[in-house]
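Everything below concerns the one structure shown next.
Computed from heavy atoms alone, side chains included, the values below leave out hydrogens, waters and symmetry copies. Position 1 is the first residue of the sequence, and the numbers go up from there. Note that the coordinates shown come from a computational prediction; the quantities given were computed from them, not determined experimentally.
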Amino acid sequence: MSVMTGFHFELIHKSKKSRARVGRIHTPHGVIDTPNFVAVGTNGTLKAIDNEVVSNIGLQLMFCNTYHLMLQPGTKTVEKAGGLHKFINRNLPIITDSGGFQVFSLAYGSVASELKSKGAKRHNKTMLKITEDGVLFRSYIDGSKFLLTPETSIQAQKELGADIIIPFDELPPYHIGKEELRKSLDRTHRWEKRSLDYHKKNVNNQAMYAVVHGGIDKELRMKSVDVLSKLDFDGYSVGGSLGKTKQEMYELLSYTMPRLPEDKPNHLLGIGDLESLENCIPLGIDTFDSSYPTKAARHGVAFTRSGNLKIGRSIYKSDFGPLEEGCECPTCKSYHRGYLHHLTKAKELTVHTLMSIHNLYYMVRLMEEYRNKILLDEI
């Protein structure tokens, strides 16, 4: 158990069929049942849904981005409001990242564009300099310079006051040589140790998860687990490049997950689409964060048991049934496909809200089903 009060992990059941497990993460703002889906609220809100609705749907953990909140409205402003929970009106658990992901992704481009070799050209616009101290970058809002170090990242997360925080780490691009990757990993480990040391000076009723790195190199992933598991982190997240294909990611996670300490919770950073959940839950992952369900909703895609439904298709124009029969979400209880189709064609913003509510509700119920199946050793 962690030295902090109010945070601990309770392992309830390990499947006899796979490495899947059911547990509870206890935090100062409530319990997170695992495995669970974590929705991404970059700026302190899920796009198109207010936080009261999100809580009512039953989303137990929400992910907010330190980088964006540092630039706007500023973490000092959030602190003055009484912390992130009060600022955004959320009484349930919140996790924040270190800001590192955004600094590096803005510099190199997304993984997708990087794999198409489009990312490197953006380097000079936002990320100005990487040193042992940290990263000097330029704000995409007003061009002002910021120095993000392990200490300033953790200080920002102290000001936000999330239940779970992440140490500062470097995210090298997918295309990187072994020696460069090794140097990056060593620096990340030093940054994570500095983050942890700074965190321990003022725990602030927050838990800190280490970030396991090493790219797609199994030897370096093993090294990362070895180094980080010797330090007093409250949990572990898996980050960095996980491969070009989903299959490569599954193989890497199949290798990495059994090596993590079993008595602490773990989190897979940035992955949470339906296919990945189905394949990664049996590997023993506890929580997953992704903007996928709300992004799909804004593109007119609703999740259903029988597959994805594209509400913009003309077959739904005179369809007066719910998005999914038997769904108890507020959208399905109050509106039909014909109306949602009409809102899509009329480009009304309300449809983003209604579709997002449905998809988020779907994810919450799906994870409940996964937990029940693991308890029955069916997964």
Side-chain angles (χ1 to χ4, degrees), residues 66-67 97-111 114-115 119-120 123 127-137 147-154 157 165-199 208-245 248-261 264 266-271 280 283 285 289:
T66 300
Y67 174 85
D97 60 0
S98 68
F101 176 80
Q102 277 75 25
V103 170
F104 289 97
S105 65
L106 284 168
Y108 296 123
S110 67
V111 173
E114 182 207 323
L115 292 178
H123 178 93
M127 191 166 70
L128 303 174
K129 195 178 184 185
I130 308 177
T131 65
E132 183 62 32
D133 196 31
V135 181
L136 184 67
F137 70 94
L147 179 64
L148 199 55
T149 69
E151 292 78 17
T152 61
S153 167
I154 301 311
Q157 292 183 81
I165 64 176
I166 302 287
F168 191 57
D169 56 341
E170 182 178 354
L171 283 98
Y174 177 85
H175 297 300
I176 186 173
K178 172 99 177 219
E179 203 42 51
E180 273 188 280
L181 183 59
R182 192 186 296 278
K183 280 181 189 166
S184 167
L185 182 68
D186 289 342
R187 176 153 58 198
T188 275
H189 289 156
R190 292 192 295 274
W191 282 357
E192 292 197 50
K193 171 73 165 61
R194 277 169 57 191
S195 297
L196 182 65
D197 289 345
Y198 191 85
H199 163 63
M208 180 180 275
Y209 283 18
V211 189
V212 175
H213 274 281
I216 54 168
D217 190 297
K218 287 181 178 175
E219 180 198 330
L220 293 182
R221 285 278 169 184
M222 184 70 212
K223 178 184 177 183
S224 193
V225 171
D226 281 349
V227 169
L228 297 171
S229 58
K230 290 182 174 76
L231 301 173
D232 187 25
F233 285 103
D234 300 289
Y236 298 87
S237 53
V238 179
S241 178
L242 294 165
K244 236 181 197 179
T245 64
E248 200 171 8
M249 176 177 78
Y250 303 147
E251 284 170 18
L252 191 68
L253 290 170
S254 298
Y255 176 83
T256 306
M257 297 313 296
R259 289 162 171 78
L260 289 174
K264 291 183 178 179
N266 64 67
H267 179 86
L268 182 58
L269 285 160
I271 306 289
C280 292
L283 303 179
I285 294 165
D289 76 90

Report the distance from atom OH of Y209 to atom CG of L269, rounding to the nearest 0.5 Å.
-> 10.5 Å
Nearest heavy-atom pair of L181 and I176: which atoms, and what distance?
-> N-CD1, 3.8 Å
Does any non-hydrogen side-chain atom of Y255 lie less than 4.5 Å from one of V225?
-> no
Between the CG atom in L268 and the CE atom in M257, the distance rounded to the nearest 0.5 Å is 7.5 Å
Using the side chain to side chain contact (heavy atoms under 4.5 Å, CB included) rule, pick out the option among T152, T149, L148 that qualifies with D133.
-> T149
Would you say I216 and Y174 make side-chain contact, with heavy atoms under 4.5 Å?
-> yes
So does K223 have more than 12 non-hydrogen atoms from other groups sitting under 6.0 Å from NZ?
-> yes
Could you tell me which non-hydrogen atom of L228 sits nearest to which non-hydrogen atom of F233, and how far apart they are?
-> O-CD1, 3.8 Å
Using a 4.5 Å cut-off on heavy atoms from C-beta on, say whether the side chain of L171 contacts that of H213.
-> yes
Should T188 and V211 be marked as a side-chain contact (heavy atoms from CB on, under 4.5 Å) after you check the CA-CA gap, both sets of side-chain angles, and the distance that decides it?
-> CA-CA 9 Å; T188 275; V211 189; 6.0 Å; no
Within a strict 4.5 Å, meaning less than it, do heavy atoms of the Q102 and F137 side chains meet?
-> no
Going from CG on D289 to NE2 on H267, what distance comes out if it is rounded to the nearest 0.5 angstrom?
-> 3.5 Å
Is the shortest heavy-atom distance from the side chain of I130 to the side chain of R187 under 4.5 Å?
-> yes
If you measure from OH on Y198 to CD on Q157, what distance do you get to the nearest 0.5 Å?
-> 11.5 Å
Is the closest basic N to carboxylate O distance between E170 and K183 below 4.0 Å?
-> no
Nearest 0.5 Å, what's the NZ-CG distance between K218 and L252?
-> 7.5 Å
Looking only at atom types and distance, does a side-chain atom of R221 sit under 3.5 Å from a main-chain N or O of V212, one as donor and one as acceptor?
-> yes
Under 3.5 Å: donor-acceptor pair, side chain of D169, backbone of W191 | no
Taking the side chain as every heavy atom from C-beta outward, state whether P172 and E180 have any atom pair closer than 4.5 Å.
-> no
What closest approach, in Å, do S195 and M208 show between heavy atoms, and which atom pair accounts for it?
-> O-CE, 3.6 Å
Between K264 and S229, is any pair of side-chain heavy atoms under 4.5 Å apart?
-> no
For S98 and S153, which heavy atoms make the closest approach, and how far apart are they?
-> O-OG, 2.7 Å
Nearest 0.5 Å please: distance from the CD atom of E248 over to the CG atom of L253.
-> 11.0 Å
Minimum heavy-atom distance D217-L220, with the two atoms named = OD1-N, 3.0 Å
Would D186 and R182 pass as an ion pair if we require N to O under 4.0 Å?
-> no
For residues S224 and L185, determine if any side-chain heavy atom of one lies less than 4.5 Å from a side-chain heavy atom of the other.
-> yes
Hey, does the side chain of S254 reach the backbone of Y250 with a donor-acceptor pair shorter than 3.5 angstrom?
-> yes
